[in-house]
Structures are given as structure tokens and as C-alpha cells.
Trainee: 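I have a structure I would like to understand better, so I am pasting it below and will then ask my questions one at a time.
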There are 2 protein chains.
Amino acid sequence: MIKANNPKLRSWIATKADSDFPIQNLPFGVFKSKNKSPRAGSRIGDFVIDLHELQELGFLSDLDLPEEVFLHTSLNYFISQGKDTTGAVRERLSEILQSGNNELQDKEEAKSKVLIPESEVEMLLPVHIGDYTDFYSSEQHAFNVGSMFRDPDNALMPNWKHIPVGYHGRASSIVVSGTEIHRPKGQTLPPDSKQPVFGPSKRLDFELEMAFITGKSTKLGETVSTDQADEYIFGFVLFNDWSARDIQKWEYVPLGPFLAKNFASAVSPWIVTLEALEPFRVSGPKQEPEVLPYLKSKGDRNFDINLEVSIEPEGAVETLVSRSNFKHMYWNVNQQLAHQTVNGCNLNVGDMYASGTISGPTPDAYGSMLELAWMGTKPLKMSDGTERKFIHDGDTVYIRGYAEKEGIRVGFGEVKNKILPSK
Amino acid sequence: MIKANNPKLRSWIATKADSDFPIQNLPFGVFKSKNKSPRAGSRIGDFVIDLHELQELGFLSDLDLPEEVFLHTSLNYFISQGKDTTGAVRERLSEILQSGNNELQDKEEAKSKVLIPESEVEMLLPVHIGDYTDFYSSEQHAFNVGSMFRDPDNALMPNWKHIPVGYHGRASSIVVSGTEIHRPKGQTLPPDSKQPVFGPSKRLDFELEMAFITGKSTKLGETVSTDQADEYIFGFVLFNDWSARDIQKWEYVPLGPFLAKNFASAVSPWIVTLEALEPFRVSGPKQEPEVLPYLKSKGDRNFDINLEVSIEPEGAVETLVSRSNFKHMYWNVNQQLAHQTVNGCNLNVGDMYASGTISGPTPDAYGSMLELAWMGTKPLKMSDGTERKFIHDGDTVYIRGYAEKEGIRVGFGEVKNKILPSK
């Protein structure tokens, strides 16, 4: 077992029972505050840990870190030091924060420099994203979409159970939680018309996804096997793949989604490391028909991570609209990465790979409004009595996620975005 | 007229009549040599101009450039100074290199520092590419592909004349001319089979394209109109969108090309500026039906640029297989950029936007083997007597391009790649 994951560990910093950030998590992110330039941090309970201050104060001096490794606007440089280093930083944090360890606990001035109430910081996008891929790896989602747009008896495309289908998305428009997003404008084809019209999307939707971030690069021509993939996966975030369904429907044949997606996608600010998620591994679904040899994977490659989506209309309280789980993925992340690289496509540190919409097996576990309200035929009731077929201006959408086992909850916080009217 | 474009200008550096790099061109690129770390350069005739040395020697002191602006591994920082600055550098270069100007010509030591025979340098990828979009803007190409895979009577999709169709590609695997590329492996579905197989692509193809590079960023939510697009377009390169047709056919429905493309794309190393291409503007085809207002563009927005593709089998001389022209584009670059941003998608300096395969109206002007050899039914004869339906291992493919008017030729050099066997 990774020492920092020990469920018996307690910290001298009190954390609430339902906190996503107990001592067993210790994720990485980038923050700034009134007094501090952007830099890497970790998180415990309601405190952000200033890793640069910790290094300056000598607490990390045994780790042989480069100078100012945390003093960057993204985690890429830190992550590129390799898992031995990033893992050692997490282990050392765990040690410093454990009950009974006094080396920081007793130093009031050092503590005030290192521990910052999370309410006083602004979280930034954690990595500079080189390339972004969106997969399509939930069978229930692919089945739902196929059923709606084609035929329930032939809902899945012939390639779907052979290929972890994916496509490239726009990296520049991936934003951090909290960013407000204007409703996109675009071309749509009104029903029964042959002439497209231009205007604000009428079918704005979220997609409940998770994404992993690569922590190791490859050269063009190299491949990463399913066995090797863990070495390349640094950690995970929650991901909202905002989608304009009406724009998508008109544009996506034959080359895939473009403006329907690239106006914005959003991520949670804390990268939960693969190490922290180890205790929550579970087996995936049986893959039938058998996959090609390069896609075969051994061991537990899925993760039991509870996922929730809520909608908060302007001035009202939120309504929970979906409960899903990352364990429902048909294709696991090791298979996704093996597929991405099997043709020699090269990886960079900071690339992002989203799962595709994660829909569970029951209608209350679907991961998009398109599915939850079934193309507008089953509107969802909000707390204020209004109904939703898709997302309205003024709505804030929250995605939250956490893993839980043996009384230990390792969570992601949230990704939230408020939708503003079109500009 | 832009002064540096004056067709009457001559340089004290002799350039051959068929050189792509007369004094009217002065493109930008990144090079390194035995003695020089990567840095920005320009080009005249057979010489690369070391812009950093020029700055150090004081030749650019009136231009108020940041220190070491040229001493980077990409042009992004230089380009981000803005068109006033990059244009002024080009004008100043033109001045220094003009016949009759002695300020550099007479200084032997300075000349030996600034002018380097192009045979002594290695050209690098000119920009760090943030995001890469591939459009699909040649009507003949879309018609050819639609005819082959669907029906000549309904070859174009209903959206094609309303939308400059595009999709996101992989930025990490865009390489500079000269890079050798291994034949990609991947999944394909053999004819009359329901079980895919894995192995080297049997239908490796080039795509003759050009690409523009953005020189100015926007914030999320901002748009760029067709009128404004010129301010955002820094310049152009030749682009080979390497494609594995058999992989593409099996994977691309419903979300578009992925592994069929992202094993490699290649660009020519010199960015020819929009300013240098001004004299070669021509009108585009009439767009019928009328496009939506946000896509309307005024003035001459196409460019008369001759394009050629040659194949050189191992140990044989090259065979010219296609002559096309950039002027054949149905959708112009201003429309492409207006479309890309109409939903608020943000731009970064160094983003790359490829045209899609540029096929002219006659069969000898098609821009891919798929079209030239019409799905393998009309093999092309090579100089050594062998035939090509697609690209063989050992083949080197060259794309070359130049504009010519009033005796002045402004060219791009070439993008060439040799195909190696699968690893």
C-alpha cells in the first residue's frame, strides 16, 4: 500500500467527515491570492498548502527538487519531474501533516505562510494543456445517443466495441471551474427547413465526464501499452464537456463535433493523483467481443468514483439531476492511452484525455440533459418549479465527484459554470 | 503597396530566377546550426539571415524590439509583438538587403555573422502550435470524396455550402519538413469482414494543403469577423496532412478522423507572411447559395499560389503527380477564421489552421492519392516504372508551392517526408 493512502492516518488539521480533501488525498493544483503570484499548491480540508513556501522553509530539502519548481503558472514543470518526485512530495506532505508530527504544527509563523484558508485563494487551470482528446467510452451514453438519433436495435456503431472511439478537441477553450460561459451562437438547421439560421444555441447541454492528465511525454513513433499506461497517467479531474446540441447536429457529419464543443469545456481545479485513487480500483465490464491484443488490459482498471450533477437556476437552490459513477466506463483509461498512441502519436506532459459522457445504467444516472430529458420529451423539474429540457441562461451547473471506502473519502471538489446570455 | 513587395527591388545578394526567396519574400522561420542555438531567421536566396546577430550588431536598433526577441525555439514570442513590429522587421530587412544599400554589404565580419548558407543550417518547426484545426474547404475534394464513398449525385453533404466544415487535429504530431515518418499501425476492417484486424496501414496517403498561423490572440467569448481576420493571420506554410485511409474508414463515424491523421502532419519551415502574399490575391469562386451574414467577405480573399506534389521512390527520381492551386478554395481563410471564432472560441498566437486537401478541377490537379488514383482504380506510373495506388515504404513525398506575378516569384520552399516501414 502507498503509505500516504493509509486509511488510519489522521492529520492535526481537522477535516470534516464529508470533506473531499482528507490527508489521504493531497491533490495538486495552481492558485493565486492577493499576496501570492500563481504557484502550485496542495489541499487538506479547508486549507490550501503553499508548496513553494514549504520548499523555501526547508521542509522539502531531502527531495532534491529544482529551485522554484512550484513557482509556475501551471503544474507542467513540476509534473515533468516524474512520478518518483511528485509521489515523494505527496508522501512528504502526508508525513508533515500527520497527527503526532510537530515539525510544522508547532511553528506558528511557518504555518501561517504555508496554510491558506481556501476561501482566500483563487484556483487557476492546473496545467497548460498541449492537446486534448475526448473519448466516447460509456456504453450507456453511446447506446442512448444511438437510440435517439438512429435506432435502438442498432444503437452502437459497428466499430464501437472494437475501438475506444475518440476525437480531438480544442485545448485553448478549456477553463477552470468558476468561469462564466456565454451561450454560444452558431448555425443550426430548424426542423423542416433546408436553410440554416444563425443565433444563440437553443439546446445548450452539459456532459458529465472525467479526464486524465499525462505526466510523461513520448517521442513521435513511440507507443504506450495498456501495461505501461499507469506510468503516463498523472491524475484526474472532473470535466464538463459543454455542448450545443443543435449546432452539433447540423455540423458534425462527416468530420465530427467542432463549434458545438469548442466554445468551452471546464475542469475542476485539483488534480487527484493516480496514487490517491489506487484504493478505489474496481474491475470493468466484460468486453465482448474480445478486443484486439493491443487493447487487452490486466487487473482492475476502472475506478469507483461517485459522480453527481446539479443545476442551480438563478436565485434558486440546486436540484440534483444525475448520479452516475466512473466505474461504468466500458473502455478504461489504460486502453484509451494505448489506443491514442498505437499509431505513434506522441504525448506531452499536460495533455488532457476526457472520458466522454459517463451515463450509468438507469435514467437517473445519465450524464447529459439530452439523455436525462430524452431529447426534450421528459423535462426535469427544478426546485423553483421551472422545467428544464436543456440549460437556461442564468443556470449554474455543478459536477461533483468522490471515491469512498473504509470511511475514507477522496474527492475532486467540483466544477461549476454559470451560463450567461449570448454576447 | 507594401514597400518590401515592390517588384522592382533587387538585392545585392544574387538570387536565382526560380528561387522561392527573392527580396520580395523575406519569410520567417527557426533554425539552428553547428555553432548556433535555435533562433529566428529570415531567408534570401540561398542564405539564412540570423536575425539575432542582426539585432546584436545594431541593425534593428530603431525598431524598439525586446532583447533576445529572436533567441527562442519558436517564433511565437516574436510574432506576439504584433504586425506593426513583424512588418517593420521585414521592411527593415528589405532596406538592408537592397542593391545600393551598403550598411551590411560592406561589412565582411558582420555579413559572415548574419548570412549563413542554407545548406549549413537545420530548419526547425517555426512555431509552438497551441491548437490545430483542419478545414475541408475545397469543393472538388469534398465532391470527389463524396462521389467515391457515397453518390456523385449527392456528393456534398447538405451543410457543406453553408459551413466551412472543420475539425480539431493533433498539434503534438505536427513536424517540420525533412522528418521521417513511420507507417502507422492501426485497426482496419478488411473487405467483407466484420472483425477488424491490426497492422500497418495499407492505404497511406498525403493530402496537399496549406495552413495559416494566427499572430494575435483573443479572449474566450470574443469573435473575429471576416473583415478583421487579416489582422489575425500572420502567414502561411505548406501542409501535408498525412492520412491512413483504411484506418480512417473504420474509425471516423461518428466523431471524425483520429488515429488516421494524428500519427503525423508536416509543414514547410518558412512562414511566408500575409504581407508578402498581398500581390497575389485573387477573387474566389461565387458562393451559391448565399452564405449567412457572418460568413460574407469583401474583396479578394483567395491567393493564386501554384502547388505541386511529387513522389520519389527509393533510389529513383521524382515524379510530379499533381499540380493544383490555392485559389481553388471555396471557403477563404477569412471565412474560416470567422467561423472558428463565431461561438467565442479563443485564439492563441501560433495556432495552425489547415485548408483541407486542395484539389483543382481536373484529375491531374487532385490533392491526394485517394483521388489521383481514384480509390486504387487508376494507379499512377512512377519514373522507375513502378505503380502507386497509395504511398509505399521508402517513398519521399514533396509538396512545393509558389506565387508568381510580374516576374516576381514568392515561394514556400517545400515540405518533404520519407516514409519508413512500421516500427
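Keep in mind that the numbers below use all heavy atoms, side chains included, and drop hydrogens, waters and symmetry copies. First the proteins, then the strands, lettered A, B, ... as listed; each starts at 1.
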Trainee: With a 4.5 angstrom heavy-atom cut-off, which part of Thr223(A) approaches chain B: side chain, backbone, both or neither?
Mentor: neither
Trainee: Any idea which of Gln187(B), Met157(B), Arg183(B), Gln340(B) has the most non-hydrogen atom pairs under 4.5 angstrom with chain A?
Mentor: Gln187(B)
Trainee: Which region of Lys194(A), side chain (C-beta onward) or backbone (N, CA, C, O), has a non-hydrogen atom less than 4.5 Å from a non-hydrogen atom of chain B, or is it both or neither?
Mentor: backbone
Trainee: Would you mind telling me which of Val342(B), Thr341(B), Leu189(B), Leu292(B) has the largest number of heavy-atom pairs within less than 4.5 Å of chain A?
Mentor: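 Answer, by heavy-atom pair count under 4.5 Å with chain A: Leu292(B).
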Trainee: Please flag which part of Leu347(A) lies under 4.5 Å from any non-hydrogen atom of chain B: side chain, backbone, both or neither.
Mentor: both
Trainee: Please examine the side chains of Gln335(B) and Lys296(B), heavy atoms only from C-beta on, and report whether any two atoms are closer than 4.5 Å.
Mentor: no
Trainee: Indicate the ring-plane relationship of Tyr353(B) and Phe212(B), choosing parallel, tilted or perpendicular according to the 30° and 60° boundaries.
Mentor: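 The arrangement is parallel - the two ring planes meet at less than 30°.
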Trainee: Strictly under 6.0 Å, is that where the ring centroids of Phe198(B) and Tyr294(A) end up?
Mentor: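 For Phe198(B) and Tyr294(A), the ring centres are under 6.0 Å apart.
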Trainee: Which bit of Leu295(A) comes within less than 4.5 Å of chain B, counting heavy atoms only: side chain, backbone, both or neither?
Mentor: side chain
Trainee: Heavy-atom distances under 4.5 Å only: say whether Ile163(A) touches chain B with side chain, backbone, both or neither.
Mentor: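 It is both, since atoms from each part get that close.
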Trainee: Going by side chain to side chain contact (heavy atoms under 4.5 Å, CB included), name the residues that satisfy it together with Val145(B), two or more places apart in sequence or in a different chain.
Mentor: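 By the side chain to side chain contact (heavy atoms under 4.5 Å, CB included) rule, Val145(B) matches Tyr136(B), His141(B), Phe149(B), Leu370(B).
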Trainee: May I ask you to list the residues in residues 239-246 of chain A that approach chain B closer than 4.5 angstrom, counting heavy atoms only, ordered by number?
Mentor: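 Within residues 239-246 of chain A, no residue comes under 4.5 Å of chain B, counting heavy atoms only.
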Trainee: Check Val349(B) against Lys216(B) and note the closest heavy-atom contact, atom names and distance.
Mentor: CG2-N, 3.8 Å
Trainee: Would you mind checking which part of Lys423(A) comes under 4.5 Å of any heavy atom in chain B, side chain (CB onward), backbone (N, CA, C, O), both or neither?
Mentor: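 For Lys423(A), side-chain heavy atoms alone lie under 4.5 Å from chain B.
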Trainee: Compute the centroid of each ring, for Phe258(A) and then for Tyr252(A), and state whether the two points are separated by less than 6.0 Å.
Mentor: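 No, ring centres 6.0 Å or more apart.
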Trainee: Pick whichever of Gly130(B), Pro293(B), Gly166(B) has the most heavy-atom pairs under 4.5 Å with chain A.
Mentor: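 Result: the option with the highest number of such pairs is Gly166(B).
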Trainee: Heavy-atom cut-off 4.5 Å, strictly under: side chain, backbone, both or neither for His162(A) against chain B?
Mentor: both
Trainee: With only heavy atoms counted, which part of Asp351(A) is less than 4.5 Å from chain B, the side chain, the backbone, both or neither?
Mentor: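 Contact with chain B: side chain only.
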Trainee: Under 4.5 Å heavy-atom distance to chain B, tell me which part of His128(A) shows up: side chain, backbone, both or neither.
Mentor: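 The side chain, not the backbone.
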Trainee: Using non-hydrogen atoms and a 4.5 Å limit, figure out which bit of Val165(A) sits close to chain B: side chain, backbone, both or neither.
Mentor: side chain
Trainee: Is the shortest side-chain heavy-atom distance between Gln228(B) and Asn334(B) below 4.5 Å?
Mentor: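 No, every pair of side-chain atoms sits at 4.5 Å or beyond.
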Trainee: Looking only at heavy atoms and a cut-off of under 4.5 Å, which of Ser201(B), Ser217(B), Pro200(B), Pro254(B) has the most pairs with chain A?
Mentor: Pro254(B)
Trainee: Answer yes or no: is there a side-chain heavy-atom contact under 4.5 Å between Pro196(B) and Thr188(B)?
Mentor: no
Trainee: Hey, mind stepping through Leu259(B) and Asn262(B) against side chain to side chain contact (heavy atoms under 4.5 Å, CB included) and telling me if it holds?
Mentor: CA-CA 5 Å; Leu259(B) 296 186; Asn262(B) 67 15; 3.5 Å; yes
